[in-house]
Amino acid sequence: MAENETAPHAAAAPNRYRTVHLQRAKDEGRRFAMLTAYDFQMAQVFDEAGLETILVGDSAANTMMGHATTLPITLDEMIVYAGSVVRGTRRAMVLCDLPFGSYEVSPQQATESAIRLVKETGIHGVKMEGGERYVEHVRMMTDAGVPVMGHIGFTPQSENVLGGYRVQGRSEGAAETMIREATALQDAGAFAVLMEMVPADIARQVDESLRVPTVGIGAGPHTTGQVLVWQDMLGLRAGKMPRFVRQYADLRAVVSEAVSGFHHDVLEGTFPAPEHGFEG
Ligand SMILES: Nc1nc(=O)c2c([nH]1)NC[C@@H]1CN(c3ccc(C(=O)N[C@@H](CCC(=O)O)C(=O)O)cc3)CN21
Ligand SMILES: CC(C)C(=O)C(=O)O
Ligand SMILES: [Mg+2]
């Protein structure tokens, strides 16, 4: 059998999570989980742990590249991360953010970017920030064969317009606005809608109003799915965690102690030991 017929990212993998499984979760009152990943090995670990979905987030600009915002990361850079993640997965559905500058100008621009991501990396869908004003974009990408997850509430790519990192949907009539934006995305063909930093009660109303599943980050417990950035939930990020993060491990301490141990052993001459060497 040809190598590529058994490749882990083979598009026809029969047991791959797909939009239909996320829809079934919503229909049957079940939840699903998503974490970001940006590289082959972490994607492998998350996939083997059984996560339904993995997001190649443009948060890579922050976590992988050290930028202060998500604005600088390019489509070409996202393609490197996305390809690495897809090669690490067998079961999870892999989604990738359309980065700032790769979709806003027109439905055509969005569709060309989405197609590049699918063709060059093997991802199974894209996520795009923005609501009602992007329905034509969602429609064209979906018609082209690329499943689209919407992203409303706090949309980090618009932080300069929104006025910083803050909860969205606190103004008068916010629930109705959020429901309208989410419904517009759904009606344009979006298979799911993600909400970031939205009051829990509004996120619940949106989830109840939509036929398609919702995903939340800082949006309370009522969305169909939940997503976190992996370096946050595993404790690799330095400094203050956002309120919406639960830290499940302290990898920064684990790694730091291990590196100090190695450093110490090298300086002391106790590493390498005889068993790490080769006989002439
Ligand atoms: N590492 C990381 N984690 C994320 O969750 C994340 C990224 N990067 N980059 C892209 C976006 C930006 N997001 C963020 C990042 C920080 C806050 C934050 O600091 N929130 C504070 C203040 C909230 C407020 O003032 O209302 C918090 O305490 O939650 C929120 C969203 C979510 N995404
Ligand atoms: C925080 C999630 C939803 C995201 O968009 C990202 O990681 O870029
Ligand atoms: Mg993002």
Side-chain angles (χ1 to χ4, degrees), residues 32-39 42-43 46 51-75 77-78 81-82 85 93-104 113-114 117 123 125-131 134 148-171 174 185 190 192-200 202-203 213-220 223-249 251-252:
F32 63 87
M34 174 157 81
L35 283 176
T36 65
Y38 318 99
D39 72 285
M42 289 310 290
F46 298 163
L51 283 186
E52 291 85 358
T53 48
I54 294 177
L55 173 67
V56 185
D58 60 349
S59 52
N62 312 124
T63 61
M64 302 298 286
M65 305 174 85
H67 292 300
T69 71
T70 57
L71 301 182
I73 197 166
T74 66
L75 183 61
E77 288 164 342
M78 291 299 294
Y81 294 120
V85 167
M93 179 179 186
V94 180
L95 303 172
C96 183
D97 266 335
L98 288 177
F100 182 62
S102 73
Y103 64 92
E104 298 88 338
S113 297
L117 277 166
I123 55 147
V126 299
K127 180 163 77 58
M128 181 183 63
E129 295 186 10
Y134 287 114
V148 179
M149 175 180 284
H151 178 162
I152 59 176
F154 178 63
T155 46
Q157 293 173 17
S158 309
E159 69 158 300
N160 293 320
V161 171
L162 296 176
Y165 287 28
R166 56 162 69 140
V167 175
Q168 303 297 305
R170 276 184 166 160
S171 54
L185 290 166
V193 176
L194 181 146
M195 288 176 276
E196 177 165 348
M197 287 211 289
V198 170
I202 291 188
T214 58
V215 179
I217 176 165
T223 52
T224 322
Q226 294 288 335
V227 60
L228 287 174
V229 169
W230 82 258
Q231 289 93 341
D232 297 349
M233 63 86 69
L234 292 178
L236 208 57
R237 169 200 260 222
K240 187 179 170 292
M241 288 293 175
R243 176 181 166 83
F244 53 73
V245 175
R246 177 179 286 167
Q247 203 183 307
Y248 287 85
L251 283 201
R252 205 172 178 87

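First listed ligand is number 1; within each ligand, the first listed atom is number 1. Heavy-atom basis, side chains included; hydrogens, waters and symmetry copies ignored.
Set against the non-hydrogen atoms of T70, the atoms of ligand 1 under 4.0 Å away are 10 (C). In summary, the atoms of ligand 1 found under 4.0 Å from a heavy atom of P156, numbered by their order in the structure, are 11 (C), 12 (C). Taking every heavy atom of D232 and a limit of under 4.0 angstrom, the matching atoms of ligand 1 come to 1 (N), 2 (C), 3 (N), 4 (C), 5 (O). Those atoms of ligand 1 with a heavy atom of K240 less than 4.0 angstrom away are 28 (O). Per-residue contacts place N62 under 4.0 angstrom from the following atoms of ligand 1 (heavy atoms of the residue considered): 7 (C), 8 (N), 9 (N), 10 (C). Against a heavy-atom cut-off of under 4.0 Å, I217 is close to the following atoms of ligand 1: 5 (O). Remark: ligand 1 atoms within the under-4.0 Å shell around heavy atoms of M197 are 30 (C), 31 (C). Proximity to R243 (heavy-atom distance under 4.0 Å) selects the following atoms of ligand 1: 27 (C), 28 (O), 29 (O).
Restricting D58 to its N, O or S atoms, the one at the least distance from the Mg ion (ligand 3) is OD1. Among heteroatoms of the N, O or S kind in D97, OD2 lies nearest the Mg ion (ligand 3).
In terms of modelled atom types and a separation under 3.5 Å, the side chain of T74 and the main chain of E77 share a donor-acceptor contact. In this structure, T36 contributes its side chain and G57 its backbone to no donor-acceptor pair below 3.5 Å. In this structure a side-chain-to-backbone donor-acceptor pair under 3.5 Å is present from Q157 to L98. Within the 3.5 Å criterion, the main-chain N or O of V215 finds no donor-acceptor partner in the side chain of T223. The backbone N or O of A33 sits less than 3.5 Å from a side-chain atom of T53, completing a donor-acceptor pair. Side-chain atoms of T70 never come within 3.5 Å of backbone atoms of S59 as a donor-acceptor pair (strictly under, hydrogens ignored).
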Given M34 and L95, is the side chain to side chain contact (heavy atoms under 4.5 Å, CB included) satisfied, shown in steps? CA-CA 10 Å; M34 174 157 81; L95 303 172; 4.2 Å; yes
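Across all non-hydrogen atoms, the minimal contact from P199 to R170 is CG-CG, 4.2 Å. Here the shortest heavy-atom pairing between D97 and K127 reads OD1-NZ, 2.7 Å. The shortest non-hydrogen separation linking C96 to L117 is SG-CD2, 3.7 Å. The two atoms that bring Y81 and Y38 nearest to each other are CD2-O, 3.2 Å, heavy atoms only. The two residues E129 and D58 make their nearest non-hydrogen contact at OE2-OD2, 4.0 Å. Closest of all the heavy-atom pairs between Y165 and T69 is OH-CA, 4.4 Å.
Residues R246 and Q226 have side chains not in contact (no heavy-atom distance under 4.5 Å, counting atoms from C-beta outward). Under the 4.5 Å side-chain criterion, counting only non-hydrogen atoms from C-beta, L234 is in contact with M42.
Here the shortest heavy-atom distance to atom 32 (C) of ligand 1, taken over R170, E196, Q157, belongs to E196.
The protein heavy-atom contact nearest to atom 6 (C) of ligand 1 is V229 CG2, 3.8 Å. Protein heavy atom nearest atom 22 (C) of ligand 1, with residue, atom name and distance: Y165 O, 4.2 Å. Shortest contact from atom 20 (N) of ligand 1 to any protein heavy atom: P242 CB, 4.0 Å.
Not a single N, O or S atom of E129, from either the backbone or the side chain, sits less than 2.8 Å from the Mg ion (ligand 3).
At a 3.5 angstrom cut-off on N or O pairs, T63 does not count as close to ligand 1. Note: no N/O pair closer than 3.5 Å links R166 and ligand 1 by distance alone.
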Output block, N or O contacts of ligand 2, threshold 3.5 Å exclusive:
residue	atom	partner	partner atom	Å
ligand 2	5 (O)	D97	OD2	3.3
ligand 2	5 (O)	K127	NZ	2.8
ligand 2	7 (O)	S59	OG	2.6
ligand 2	8 (O)	D58	N	3.2
ligand 2	8 (O)	D58	OD1	2.8
ligand 2	8 (O)	S59	N	3.0
ligand 2	8 (O)	S59	OG	3.3
ligand 2	8 (O)	D97	OD2	2.9

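At least one heavy atom of R237 sits less than 4.0 Å from an atom of ligand 1.
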